[in-house]
Amino acid sequence: MTPAELSRTVLHAVRRAVDEGELSVTVPERAVVAPPGPGGCGDYATNIALQLARAAGRPPRDVAEILRARLLGEQRFTDVVVTGPGFLNLSLRGTASAGLVEEILRRGRRYGHATSGFSGTAVGISCPAEVRAVVVADAVTRVLRSQGDFVRVECEGRPAPEWESVLGADVTTRGPRIADRGVTSRGPRIADRYVTVRPVPAPGDPLPLGRDAGRWALLHPAGHDRPRIPGDHLVQRESNPLFRVRYAHARTRALLRNAADLGFHPEPGPVSEAEALIAVLGDHPRVLAATATHHTPDRLARHLVTVADAAMPLLPAVLPLGGEKPSAAHRARLALAEAAGTVLAGGLSLLGIDAPDHL
């Protein structure tokens, strides 16, 4: 189950409470559902009770208890717990996690992308002719297009050709110019919003790092932070976040090859002690949407590190040991590992970074 589906389930509970006269509020269009924060529990949490409390004229915890009673009736939850000032913490049944894995494997690297084509939003991006700004603008453009937005980029100057040939930063304008009102057969001609990408400039030349490490060095730090050039981005050790992300992906691909040699294949199903990984995989669409909204590819980069770190404890238990025969649990763990690798590969692709099958 994805956060979007959980959001609809939470809103359905609100609507029932309103219809039954226990809450007097306007049902919001969206309920924010995300992995629980400090002090939380379960797979996901929502602050919908805090959001509705003032309009309802009741304390947030009272609103949360009203919604909890309705959410507990949903077959997809094993438990719903109220914590803190009124957060609802949702624990999913194994079948729900299996549904999430099925969706990721079905959609592949496009999991989290818009499913309805053009969103109706046109974005005009401008950036200075500076290497980090150009790479960030390129990554922001990729993520915006994944969400169905029409994007046109204008560079304030001439980018160095090496920024495209080495770093793969393509800010070449495409489609009709965003200027006049109206719509052409190729897309909208007026931007709904304009974005200026102007991060702290790179303190050195990232070209010697090559495409993947160079882009990561520029994209992983927040825009207001100074990137480390050259840093340790080429070092293959655990202290290098890029290596952890790519290594976790390569491990998932190796497990698929090894499982095929043993004669079994992934099959989504319940997986115990994988709540953290399932939560961050389910959060991937929200992270992509937030990255697009705030034009912050560093948010996606940090999310991929979180996914990789959550996936690593699962991987040693995927294959049977010794004379053990592959079971349904092994197939379910393999499917979850494949889903994690798929999310890592898709996220790296949006950052313009390769996800090799071998390291």
Side-chain angles (χ1 to χ4, degrees), residues 1-104 111-112 114-116 119-121 147 268-290 292-294 303:
M1 177 180 292
T2 67
E5 292 171 321
L6 285 172
S7 176
R8 290 192 291 270
T9 301
V10 171
L11 292 180
H12 179 64
V14 175
R15 191 170 293 108
R16 285 174 55 203
V18 171
D19 292 343
E20 294 166 12
E22 289 208 58
L23 289 178
S24 179
V25 297
T26 299
V27 180
E29 295 183 359
R30 179 171 175 262
V32 176
V33 179
C41 59
D43 300 306
Y44 291 95
T46 177
N47 66 348
I48 188 69
L50 285 79
Q51 179 183 340
L52 299 176
R54 173 174 290 187
R58 307 182 66 161
R61 286 190 68 93
D62 286 359
V63 176
E65 289 294 347
I66 291 171
L67 298 179
R68 176 178 179 271
R70 285 155 179 80
L71 291 169
L72 281 172
E74 294 282 343
Q75 293 295 320
R76 62 195 70 193
F77 300 129
T78 59
D79 199 8
V80 180
V81 178
V82 179
T83 60
F87 292 102
L88 284 161
N89 298 261
L90 312 171
S91 297
L92 303 180
R93 293 189 184 278
T95 52
S97 62
L100 172 64
V101 172
E102 287 175 355
E103 181 184 0
I104 295 173
Y111 167 64
T115 57
S116 56
S119 67
T121 301
Q147 301 304 294
V271 178
S272 61
E273 300 182 1
E275 291 81 5
L277 176 56
I278 292 167
V280 293
L281 293 180
D283 200 36
H284 186 65
R286 185 194 65 82
V287 172
L288 291 186
T293 298
H294 300 289
H303 171 67

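We count residues from 1, following the sequence as given.
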Minimum heavy-atom distance between [X] and [Y], given as atom pair plus value:
{"X": "T83", "Y": "C41", "result": "CG2-SG, 4.5 Å"}
{"X": "P36", "Y": "A45", "result": "CA-CB, 3.8 Å"}
{"X": "L90", "Y": "L71", "result": "CD2-CD1, 4.0 Å"}
{"X": "Y44", "Y": "D283", "result": "OH-N, 4.1 Å"}
{"X": "V63", "Y": "A56", "result": "CG2-CB, 4.2 Å"}
{"X": "P35", "Y": "A279", "result": "CG-O, 3.9 Å"}

- Got a donor-acceptor contact below 3.5 angstrom from the T46 side chain to the V33 backbone? no
- Item | Backbone of G84 reached by a side-chain donor or acceptor of R61 within 3.5 Å |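 Yes; judged by distance alone, with no hydrogens or angles, the pair exists.
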- salt bridge (Lys or Arg N to Asp or Glu O under 4.0 Å) partners of residues 16-25, not counting sequence neighbours, each pair once: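 The answer is E20-R70, E22-R70.
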- Give the C-alpha distance, both sets of side-chain angles, the deciding distance and a yes or no for side chain to side chain contact (heavy atoms under 4.5 Å, CB included) between H284 and I104. CA-CA 10 Å; H284 186 65; I104 295 173; over 6 Å; no
- Task: With the side chain counted from C-beta on, respond yes when L288 and Y111 share a heavy-atom pair under 4.5 Å apart, and no when they do not.
- Result: no
- Is there a side-chain contact between V32 and I48, using heavy atoms and a 4.5 Å cut-off? no
- Item | Stepwise side chain to side chain contact (heavy atoms under 4.5 Å, CB included) check, N89 with V80 | CA-CA 6 Å; N89 298 261; V80 180; over 6 Å; no
- Task: Report the C-alpha distance between V27 and V18 in whole Å, list the side-chain angles of each, state the deciding distance to 0.1 Å, and finish with yes or no for side chain to side chain contact (heavy atoms under 4.5 Å, CB included).
- Result: CA-CA 8 Å; V27 180; V18 171; 4.2 Å; yes
